[in-house]
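Heads up, the thing below is written out as C-alpha cells.
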Number of protein chains: 2
Amino acid sequence: MTKDVRKIKTERDIQQAMLRLLTTKTFRQITVADICQLSLTSRSTFYAHYLDKYDLLDKMVAYYSTIFNEKVHDRFNQMIDGEIDALVRGLLADMADNRDAIRILFTVHEPEADLEATFHRLLLKEWQQFIKSEAPTMTAPADLIAAMGTNVQMTVIEWALQHGETSIDVVADAVNTIRKAVLLQIKPTMKNK
Amino acid sequence: MTKDVRKIKTERDIQQAMLRLLTTKTFRQITVADICQLSLTSRSTFYAHYLDKYDLLDKMVAYYSTIFNEKVHDRFNQMIDGEIDALVRGLLADMADNRDAIRILFTVHEPEADLEATFHRLLLKEWQQFIKSEAPTMTAPADLIAAMGTNVQMTVIEWALQHGETSIDVVADAVNTIRKAVLLQIKPTMKNK
DNA sequence: ACTAAGATGTTCGAAAACCAACGCACTGTT
DNA sequence: AACAGTGCGTTGGTTTTCGAACATCTTAGT
C-alpha cells in the first residue's frame with residue numbers, strides 16, 4: 001500500500017524543479033517542458049503524476065497547507081501567553097525544513113492555488129473560533145478583532161520567512177505591544193499582566 | 001549510444017549519498033546499505049552500476065582525476081607568468097562546481113583510491129615534463145625542484161579548497177615569493193622579472 | 001489565410017529500477 | 001557449539017520510467 005520509491009523520487013524532483021523555476025520565471029511562463037527538463041523526468045511520467053502544471057501547484061499548496069493547518073490547530077491554545085507569539089515561533093520552528101519552499105510559494109497567486117491566501121484563511125478561522133469560545137460577547141465586532149490578530153501574525157510570519165527566524169528578536173518588542181493591544185479587546189481582564 | 005537518463009540520475013544520487021555520508025563516517029564505516037538508504041536506490045540497482053563501494057569510490061576519484069588532468073595539461077604552459085599561479089587560479093575556477101566534492105574526497109585515503117595522491121601525481125608529472133623541456137641541464141636535481149613546485153601548488157590548492165577561492169588574495173604575496181624562488185632554479189634568466 | 005514553431009496531452013514497447021527473498025561469510029554472544 | 005545479528009552480493013517477477021511518436025491547439029510572422 002505504501003508508495004514505490006520511484007514515485008516519491010520523481011515527485012520530489014518535479015516539485016524541486018518547480019520551486020527552482022519559480023525563482024526565475026512567473027508561474028504562467030513556466031512550461032511542462034521546462035519542469036521535465038530541469039527535473040530530468042520524461043513528459044509522459046509527468047502526466048502520470050499530475051494532470052498539468054496547475055494540478056502540480058495545487059498539490060504543492062495543498063501539502064504545505066495541511067502541515068500548516070495541523071500545526072496551527074495544535075498550537076493555537078498556547079498563543080495567548082508568552083512573549084511575541086509562541087504560536088508563530090512554534091510554527092516557524094516546525095516548518096524550518098520547508099521555509100524556502102514556502103517563501104517561494106508565497107510569491108505565487110493563482111486563483112486556484114494561493115498558499116499565502118490559504119494560510120491567511122486558516123489562521124482567520126482559528127481566530128474566529130478562539131474569540132467565540134473565549135469572549136462570546138464583545139464591545140468591538142468580533143470579525144474585526146479576528147482580522148486584526150490574523151494580520152498581525154501573518155505579518156510576523158512573512159517577515160520571519162524573509163529575514164530568518166532569529167531576526168524575530170529584533171522586532172519582538174514592537175510586535176508584542178501590538179499583540180497585547182489586540183488581545184485586550186478580547187480579554188480586558190488581561191490588563192494587569 | 002548516450003546513457004539513459006535514469007542511469008545518470010541513480011549514479012548522481014548514489015554519488016551524492018556517498019559524499020554526504022563521508023562527512024559523517026569513515027569510508028570503511030560506510031555500508032552499501034547506508035548508501036542505498038540515503039540515495040533511495042535499491043540494493044540490486046546499486047550492484048547494477050558498481051561492483052561494490054570500492055568500485056564506486058574508484059569511479060568517483062577517476063572522474064575528478066580526469067577533469068583535473070585535462071585542465072592541468074591545458075593550462076600548464078601559462079603557469080610561469082602572472083601573479084600567483086595562473087594555473088592554480090584557473091584550476092579552481094574550472095572546478096568551482098565540484099569544489100565540495102573534491103574537498104570531501106581529499107579526506108579519503110584508500111590504497112586503491114586516493115584523490116589527493118592522484119592530483120599530486122598528475123601535477124608532478126607535468127612539472128617533470130616542464131623542467132625537462134625548459135631546462136634540460138640544471139645545477140639542482142630536477143626531481144627535487146619538480147617536487148618543490150608540485151608541493152607549493154598542492155598547498156595552495158588545498159588551502160583554497162578549504163577557505164574559498166577569493167581568500168587566495170590574502171596569501172598571494174607569500175606564495176608568489178616562494179613560487180619565484182622555485183622557478184629561479186629552473187630559469188635563472190628570470191632574475192630581472 | 002497559411003505556415004511554422006512551440007506547447008499540450010496521450011499512447012506504447014523497451015529499458016531500468018524496485019523489492020522481497022535467498023545463500024553466504026563473518027562476528028560476537030550465551 | 002549453537003545462536004542471532006549484520007553486511008555482502010545475486011536472482012526473478014513486478015512496477016515505473018523513458019523516449020519517440022502522434023494528434024491537437026495556440027500564437028506569431030509573412
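Sequence lines set the chain letters: A, B, ... in the order given, protein chains first and strands last, and positions in each chain run from 1.
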Quiz prompt | Stepwise ring pair (Phe, Tyr, Trp, His ring centres under 6.0 Å) check, A:Tyr50 with A:Phe46 | solution = CA-CA 6 Å; A:Tyr50 306 102; A:Phe46 177 91; 5.6 Å; yes

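We find that A:Asp74 and A:Lys71 are not joined by a salt bridge, their nearest charged nitrogen and carboxylate oxygen being 4.0 Å or further apart. The pair A:Lys3-A:Glu11 counts as a salt bridge, with a side-chain nitrogen and a carboxylate oxygen less than 4.0 angstrom apart. Using a 4.0 Å cut-off between charged side-chain N and carboxylate O, B:Lys9 and B:Asp13 make no salt bridge. Here B:Arg99 pairs with B:Glu165 in a salt bridge; the nearest charged N to carboxylate O distance falls below 4.0 Å.
Atom pair B:Phe46:CZ and D:dT10:P shows a separation of 11 Å (rounding to whole Å applied). In this structure, CD of B:Glu11 is placed 11 Å from P of C:dA16, rounded to the nearest angstrom. Summarising the geometry, the separation between NZ on B:Lys3 and C1' on D:dT17 is reported as 17 Å, rounded to the nearest angstrom. C:dC18 atom P lies 11 Å from atom CD1 of A:Ile8, rounded to whole Å. Across the protein-nucleic acid pair, A:Gln29 atom CD and C:dG6 atom P stand 17 Å apart, rounded to whole Å. Rounded to whole angstrom, the span from the CZ atom of B:Arg28 across to the C1' atom of D:dG7 amounts to 16 Å. A:Lys53 has its NZ atom 14 Å from the C1' atom of C:dG9, to the nearest Å. Between the CG atom of B:Leu56 and the P atom of D:dG9 there is a distance of 12 Å, given to the nearest Å.
Here A:Lys9 lies in heavy-atom contact (under 4.0 Å) with sugar-phosphate atoms only.
At a threshold of 4.5 Å between side-chain heavy atoms, the hydrophobic network of Ile, Leu, Val, Met, Phe, Trp and Tyr places B:Leu161 and B:Met95 in one connected group.
The base of D:dG9 lies close enough to the side chain of B:Arg43 for a donor and an acceptor atom to sit less than 3.5 Å apart.
Distances from the side chain of B:Thr31 to the nucleotides C:dA7, D:dC8, C:dC18 place D:dC8 closest. Out of D:dC18, C:dC19, C:dG9, the shortest distance to the side chain of A:Asp52 is found at C:dG9.
Ranked by how close their nearest DNA chain D nucleotide is to the 5' end, A:Arg6 and A:Ser44 are led by A:Arg6. In this structure, A:Asp4 and A:Leu51 both approach DNA chain C, and ranking their closest nucleotides by distance from the 5' end singles out A:Leu51.
Note: A:Leu115 CG to A:Tyr64 OH = 9.0 Å, rounded to the nearest 0.5 Å.
For D:dT17, one of the phosphate oxygens OP1 or OP2 lies less than 4.0 angstrom from a side-chain nitrogen or oxygen of A:His49. Residue B:Thr45 has a polar side-chain atom (N or O) positioned under 4.0 Å from OP1 or OP2 of C:dC18. In terms of phosphate contacts, A:Tyr47 brings a side-chain nitrogen or oxygen within less than 4.0 Å of OP1 or OP2 of C:dG9.
Contacts between residues 33-42 of chain B and DNA chain C, defined by a heavy-atom separation under 4.0 Å, are made by B:Leu40, B:Thr41, B:Ser42.
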